[in-house]
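First the structure, in the form of structure tokens, and then the observations on it.
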Amino acid sequence: MKTESTGKLQQVLTSGGFAVTSECGPPRGSDPEIIRKKGELLKGCVDAVNVTDNQTAIVRMSSLAACAHLVAMGIEPVMQMVTRDRNRIALQSDIMGAYSLGINNILCLSGDHQTFGSQPDALNVFDIDSMNLVRTVLTMREQGQDMSGFALKGAPQMFIGAAANPFADPFEYRVIRLAKKIDAGADFIQTQCVYNLERFKAWMKMAREEGLTEKVHILAGVTPMKSEGMAKYMAKRVAGMDVPEDLIKRMGSVSKQKAPEEGIKICLETIAELRDIPGVHGIHLMAIEWEDVVAQIVSEAGLLPRP
């Protein structure tokens with residue numbers, strides 16, 4: 001685990017604080033004002049902001065460029081990088097370029113398959129997988145070398161993140177996969193959205209028993225739901241999502257006008273429980289195209305002011 005600090009997110013986590021990250025999806029276009037408006041809504045209430053990389057396999061402004069806009073605003077980004085669209089040469093080049101622009105955090109992902117996106121006939125790359133990408137960033141940082149062994153003139157001191165889904169099957173394999181990502185070099189983990197708290201607690205218990213929570217910072221994913229329809233969609237259509245039926249019924253028990261308020265209430269209750277779970281070092285608050293509620297949620301959760 002990286003200990004020499006290069007950014008706020010790492011400082012909060014290594015000092016034993018409870019971190020808060022959020023998310024900013026780049027636009028389907030080149031207008032930087034969209035990024036800036038989202039950034040203003042998140043500034044000051046989170047420690048870092050994830051910037052997605054052509055999420056759902058839909059063409060958007062590059063994560064690297066959007067991150068650079070946030071850096072210019074004084075906001076610390078977490079650059080998401082998927083292996084779907086670039087070979088190892090392009091990946092390493094973008095990592096070095098990003099660090100040169102003041103981007104200190106990276107989240108290594110495989111990426112949604114292109115058949116689910118807007119251009120399903122596109123060719124994927126997957127030259128390396130997300131696990132190998134984590135190891136590549138670690139090698140660049142710790143050994144100052146690229147994948148060919150060439151000595152870099154200035155090693156990117158990235159704080160390395162990876163994703164984890166505690167809810168996919170087989171359940172017992174989830175902690176084994178987490179351990180592999182830690183061994184590859186992950187400093188922090190951001191999880192899939194947590195709705196099934198009992199299953200998440202069981203996963204965390206297994207992680208603690210294996211000593212993994214001493215080796216990595218785990219940030220639990222939380223997403224406020226806007227409606228019963230959103231809850232049903234996430235339960236049935238989003239792979240790897242576990243939304244208990246009682247939460248769906250709860251969202252349906254209120255009027256459409258009251259549903260967003262109920263979704264925020266559920267989110268706050270979830271955060272309160274997550275803070276009591278040993279080994280959880282923060283939350284990753286994904287308010288999907290609903291950035292204006294992030295400050296309210298962080299405040300009402302008692303997580304303001306940020307360090």
Of the non-hydrogen atoms in [X] and [Y], which two are nearest, and what is the gap between them?
{"X": "Val137", "Y": "Cys108", "answer": "CG2-SG, 4.2 Å"}
{"X": "Ile35", "Y": "Gly25", "answer": "CD1-O, 4.4 Å"}
{"X": "Gly44", "Y": "Arg306", "answer": "O-CG, 3.7 Å"}
{"X": "Pro26", "Y": "Cys24", "answer": "CD-O, 3.5 Å"}
{"X": "Val134", "Y": "Ala162", "answer": "CG2-CB, 4.3 Å"}
{"X": "Val51", "Y": "Pro77", "answer": "CG2-CB, 4.4 Å"}

Determine whether a donor-acceptor pair (N or O, by modelled atom type, separation under 3.5 Å) exists between the side chain of [X] and the backbone of [Y].
{"X": "Gln157", "Y": "Arg141", "result": "yes"}
{"X": "Thr223", "Y": "Met286", "result": "yes"}
{"X": "Ser22", "Y": "Val46", "result": "no"}
{"X": "Asp187", "Y": "Ile160", "result": "yes"}
{"X": "Gln92", "Y": "Met147", "result": "yes"}
{"X": "Ser299", "Y": "Ala295", "result": "no"}
{"X": "Arg275", "Y": "Ala301", "result": "yes"}
{"X": "Thr52", "Y": "Gln55", "result": "no"}
{"X": "Thr191", "Y": "Asn165", "result": "no"}
{"X": "Asp129", "Y": "Met131", "result": "yes"}

Candidate list Ile58, Ile34, Asn54, test side chain to side chain contact (heavy atoms under 4.5 Å, CB included), partner Arg28, passing option | Ile58
Pairwise distance [atom1]([X]) to [atom2]([Y]) - rounded to 0.5 angstrom:
{"X": "Leu285", "Y": "Ile271", "atom1": "CG", "atom2": "CD1", "value": "6.0 Å"}
{"X": "Asn196", "Y": "Leu247", "atom1": "CG", "atom2": "CG", "value": "8.5 Å"}
{"X": "Phe167", "Y": "Arg174", "atom1": "CZ", "atom2": "CZ", "value": "11.5 Å"}
{"X": "Ser15", "Y": "Gln10", "atom1": "OG", "atom2": "CD", "value": "10.5 Å"}
{"X": "Asp85", "Y": "Ser62", "atom1": "CG", "atom2": "OG", "value": "11.5 Å"}
{"X": "Glu210", "Y": "Ile176", "atom1": "CD", "atom2": "CD1", "value": "8.0 Å"}

Under the salt bridge (Lys or Arg N to Asp or Glu O under 4.0 Å) rule, what pairs show up with a residue in residues 239-249, not counting sequence neighbours?
-> none
Step through the shown structure and confirm whether more than 12 heavy atoms of other residues, nucleotides or ligands are within 6.0 Å of [atom1] on [X].
{"X": "Gln145", "atom1": "CD", "value": "yes"}
{"X": "Ile89", "atom1": "CD1", "value": "no"}
{"X": "Glu209", "atom1": "CD", "value": "yes"}

Please step through salt bridge (charged side-chain N to carboxylate O under 4.0 Å, His left out) for the pair Lys232 and Glu228, ending with a clear verdict.
-> CA-CA 6 Å; Lys232 288 180 176 178; Glu228 179 190 15; 3.4 Å; yes
Pairs touching residues 73-117 that satisfy ring-ring contact (aromatic ring centres under 6.0 Å, His included), sequence neighbours left out | none
ring-ring contact (aromatic ring centres under 6.0 Å, His included) pairs touching residues 269-296, sequence neighbours excluded, are His217-His281
Counting C-beta onward and ignoring hydrogens, is there a side-chain heavy-atom pair between [X] and [Y] closer than 4.5 Å?
{"X": "Leu109", "Y": "Met81", "value": "no"}
{"X": "Gln192", "Y": "Met241", "value": "yes"}
{"X": "Ile297", "Y": "Leu268", "value": "yes"}

Decide, yes or no, whether a salt bridge links [X] with [Y] under the criterion of side-chain N to carboxylate O below 4.0 Å.
{"X": "Glu40", "Y": "Lys43", "result": "no"}
{"X": "Lys201", "Y": "Glu273", "result": "yes"}
{"X": "Lys38", "Y": "Asp292", "result": "no"}
{"X": "Glu76", "Y": "Lys8", "result": "no"}
{"X": "Glu262", "Y": "Lys226", "result": "no"}
{"X": "Asp112", "Y": "Arg84", "result": "no"}

Val20 and Cys45: side chain to side chain contact (heavy atoms under 4.5 Å, CB included), yes or no, with the steps?
-> CA-CA 8 Å; Val20 180; Cys45 58; over 6 Å; no
Quick one: do the Gln190 and Thr21 side chains pair a donor with an acceptor below 3.5 Å?
-> yes
Cluster question for you: counting only ILVMFWY and a side-chain heavy-atom cut-off of under 4.5 Å, with indirect links fine, are Ile266 and Val254 together?
-> no
Are Met96 and Leu133 connected in a single hydrophobic cluster, I mean Ile/Leu/Val/Met/Phe/Trp/Tyr linked by side-chain heavy atoms less than 4.5 Å apart?
-> yes
Val78 vs Ile106, side chain to side chain contact (heavy atoms under 4.5 Å, CB included): CA-CA, chis, key distance, verdict = CA-CA 5 Å; Val78 177; Ile106 186 171; 6.0 Å; no
So Val194 and Leu274, side chain to side chain contact (heavy atoms under 4.5 Å, CB included) or not? Walk me through it.
-> CA-CA 9 Å; Val194 178; Leu274 290 170; 4.3 Å; yes
